[in-house]
Visitor: 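Let me give you the structure first, and then I'll get to my questions.
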Amino acid sequence: MAGTTVEDVLAELAALEDPRARAVNERHGDDYGVNLTKLRAVAKRLRTQQDLALELWGTGDTAARLLALLICRPKAFERNELDAMVRETGTPKVHDWFVNYVVKKSPHAEDLRTAWLADSDPVVASAGWALTADRVMRKPEDLDLAGLLDVIETQMGNAPARLQWAMNTCLAQIGIEHPEHRGRALEIGERLGVLKDYPTPPNCTSPFAPVWIAEMVRRQDAP
């Protein structure tokens, strides 16, 4: 809706705040209390508004930033803008949505993937690994999968939590999508034991790589 101001949107988000939702989210390191279904409804009504998205991002408010990522135009961002934004994402949900909803759709995604993999900031590096896991699934050509496994094997065990999660996702996707590397991926996962005891709800697949790989392969092979 043209003419909507950032103040209007912030007031609407404040009205949607649910203290119980915030309490749940805070246990996962996030600091917003807006139901995401309701947030998506706001985004659907606003539609794409790049200028408003930039203003919402600039507020630093987590709910506002999540909304910004839904109404922005991913291909409108320059490389340096995306590089600056990844360093500002802060909370896990904003970081995840930024990578998945914006960077993956950007023409700069591959350039940033390789740059971020080598970044000394573990949060930035985790974005590089998330993009790499996506490439393992969708466009593995020219990826050195054995080399990625070498890095995962030596670094994942002691990596900070968010980086460890992204590396583990890449490990699992290599094992799921590439049978020639599956045995090694399983062995690395078993030996390192990363996320082996992660609490997993009923009917959900454990993020522990050997279990995750085995379940996805079973589904692929199911008649």
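Note that the structure is a prediction, hence the values are computed from the model and not measured.
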Visitor: Quick one: do L145 and W212 end up in the same hydrophobic cluster if we chain Ile, Leu, Val, Met, Phe, Trp and Tyr together by side-chain heavy atoms under 4.5 Å apart?
Guide: no
Visitor: Is the backbone N or O of D31 less than 3.5 Å from a side-chain atom of N25, with the two atoms forming a donor-acceptor pair by type?
Guide: no
Visitor: Is there a side-chain contact between E12 and R45 in this structure, where contact means two heavy atoms from C-beta onward sitting under 4.5 Å apart?
Guide: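 A side-chain contact under 4.5 Å exists here.
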Visitor: Applying side chain to side chain contact (heavy atoms under 4.5 Å, CB included), run through Q164 and N158 and close with a yes or a no.
Guide: CA-CA 8 Å; Q164 187 179 69; N158 295 316; over 6 Å; no
Visitor: N168 vs W129, test: side chain to side chain contact (heavy atoms under 4.5 Å, CB included). Steps then yes/no.
Guide: CA-CA 9 Å; N168 182 74; W129 280 98; over 6 Å; no
Visitor: For a side chain to side chain contact (heavy atoms under 4.5 Å, CB included) with C72, tell me which candidate from K105, Q50, Q49 qualifies.
Guide: Q50
Visitor: So that I can tick it off, tell me whether D51 and R73 are bridged by a salt bridge, with the cut-off set at under 4.0 angstrom between side-chain N and carboxylate O.
Guide: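 A salt bridge is absent here (no side-chain N lies under 4.0 Å from a carboxylate O).
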Visitor: Are the side chain of E26 and the backbone of A23 linked by a donor-acceptor contact shorter than 3.5 Å?
Guide: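 Pair absent, no side-chain N/O of E26 close to backbone of A23.
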Visitor: Going through the checks in order, is the side chain to side chain contact (heavy atoms under 4.5 Å, CB included) test met by I188 and R184?
Guide: CA-CA 6 Å; I188 291 172; R184 186 178 177 206; 3.9 Å; yes
Visitor: Between SG of C170 and CG of D134, what distance do you get to the nearest 0.5 Å?
Guide: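 So the SG of C170 and the CG of D134 are separated by 10.5 Å.
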Visitor: Of all heavy-atom pairs between R182 and G175, which one has the smallest distance, and what is that distance?
Guide: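 Looks like NE-O, 2.7 Å.
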Visitor: Take V86 and L82 through the side chain to side chain contact (heavy atoms under 4.5 Å, CB included) test and state the conclusion after the steps.
Guide: CA-CA 6 Å; V86 75; L82 295 173; over 6 Å; no
Visitor: Between D83 and W116, is there a side-chain donor-acceptor contact under 3.5 Å, judged purely by atom types and distance?
Guide: yes
Visitor: Is any NZ, NE, NH1 or NH2 atom of the basic residue among R79 and D111 found under 4.0 Å from an Asp or Glu carboxylate oxygen of the other?
Guide: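 Looking at D111 together with R79, the answer is yes, because their closest N to O distance falls below 4.0 Å.
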Visitor: Can you tell me which residue among V194, T169, T200 is in a side chain to side chain contact (heavy atoms under 4.5 Å, CB included) with P207?
Guide: T200
Visitor: Return the minimal non-hydrogen interatomic distance between L171 and L149, and the atom names on each side.
Guide: CD1-CD2, 3.6 Å
Visitor: Kindly say whether K75 contributes a backbone atom to a donor-acceptor pair with the side chain of H108 at under 3.5 angstrom?
Guide: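 Between the backbone of K75 and the side chain of H108 there is no qualifying donor-acceptor contact (under 3.5 Å).
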Visitor: Do other residues, nucleotides or ligands put more than 12 heavy atoms under 6.0 Å from D142 CG?
Guide: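 Result for CG/D142: open.
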Visitor: Looking at P122 and P160, what are the two nearest heavy atoms and their distance?
Guide: CB-CG, 3.7 Å
Visitor: Answer with yes or no whether the hydrophobic clustering places M156 together with L117; edges join I, L, V, M, F, W, Y residues whose side-chain heavy atoms lie under 4.5 Å apart.
Guide: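 Shared cluster, yes.
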Visitor: Give a yes or no answer on whether the side chain of N100 reaches the backbone of W97 with a donor-acceptor pair at less than 3.5 Å.
Guide: no
Visitor: Is V103 reachable from L143 through a run of I, L, V, M, F, W or Y residues, each pair having side-chain heavy atoms under 4.5 Å apart?
Guide: no
Visitor: Heavy-atom distance under 4.5 Å between the side chains of L39 and L16, does that happen here?
Guide: no
Visitor: Is it the case that more than 12 heavy atoms not belonging to N80 sit under 6.0 Å from its CG atom?
Guide: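 Result for CG/N80: enclosed.
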Visitor: Within a strict 4.5 Å, meaning less than it, do heavy atoms of the V24 and R27 side chains meet?
Guide: yes
Visitor: Please say yes or no: joined through hydrophobic side-chain contacts below 4.5 Å, possibly via intermediate residues, are V34 and F98 part of one cluster?
Guide: yes
Visitor: Measuring from L66:CG to L36:CG, what's the distance to the nearest 0.5 Å?
Guide: 6.5 Å
Visitor: Just so I know, are the side chains of P74 and K104 near enough to count as touching, which here means a heavy-atom distance under 4.5 Å?
Guide: no
Visitor: S206 and L195: which non-hydrogen atoms are nearest, and at how many Å?
Guide: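 Minimum heavy-atom contact is OG-O, 4.3 Å.
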Visitor: Rounded to the nearest 0.5 Å, how far does OG1 of T59 lie from CG of D61?
Guide: 5.0 Å
Visitor: Drop me the distance from E187's CD to E153's CD, to the nearest 0.5 angstrom.
Guide: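 E187 atom CD to E153 atom CD measures 6.5 Å (nearest 0.5 Å).
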Visitor: Can you see which heavy atom on I176 is nearest to which on M216, and at what distance?
Guide: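 Looking at all heavy atoms of both residues, the closest pair is CD1-CG, 3.5 Å.
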Visitor: Measuring from atom CG of D18 to atom NZ of K38, what distance do you get when rounded to the nearest 0.5 angstrom?
Guide: 7.0 Å
Visitor: Tell me whether V102 shares a hydrophobic cluster with V124, the cluster being built from Ile, Leu, Val, Met, Phe, Trp, Tyr side chains joined at under 4.5 Å.
Guide: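 Same cluster.
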Visitor: If you define the side chain from C-beta out and look only at heavy atoms, does anything of R162 sit under 4.5 Å from D96?
Guide: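 Not touching, per the 4.5 Å side-chain cut-off.
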Visitor: Restricting to non-hydrogen atoms, name the atom on A64 and the atom on L10 that form the minimum distance, rounded to 0.1 Å.
Guide: CB-CD2, 3.8 Å
Visitor: Let me confirm one number: the CZ-CG distance from F77 to L112, rounded to the nearest 0.5 Å.
Guide: 12.5 Å
Visitor: May I ask you to check whether T132 and R113 show a side-chain donor-acceptor distance below 3.5 Å?
Guide: yes
Visitor: What pairs of residues pass the ring-ring contact (aromatic ring centres under 6.0 Å, His included) test when at least one of them lies in residues 179-202, not counting sequence neighbours?
Guide: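 Non-adjacent pairs meeting ring-ring contact (aromatic ring centres under 6.0 Å, His included): W165-Y198.
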Visitor: Below 4.0 angstrom, N of the basic side chain to O of the carboxylate: do E177 and R135 qualify?
Guide: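 Salt bridge flag = no for R135 with E177.
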Visitor: Restricting to pairs with a member in residues 11-60, which pass ring-ring contact (aromatic ring centres under 6.0 Å, His included), not counting sequence neighbours?
Guide: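 Output for this query is empty, none listed.
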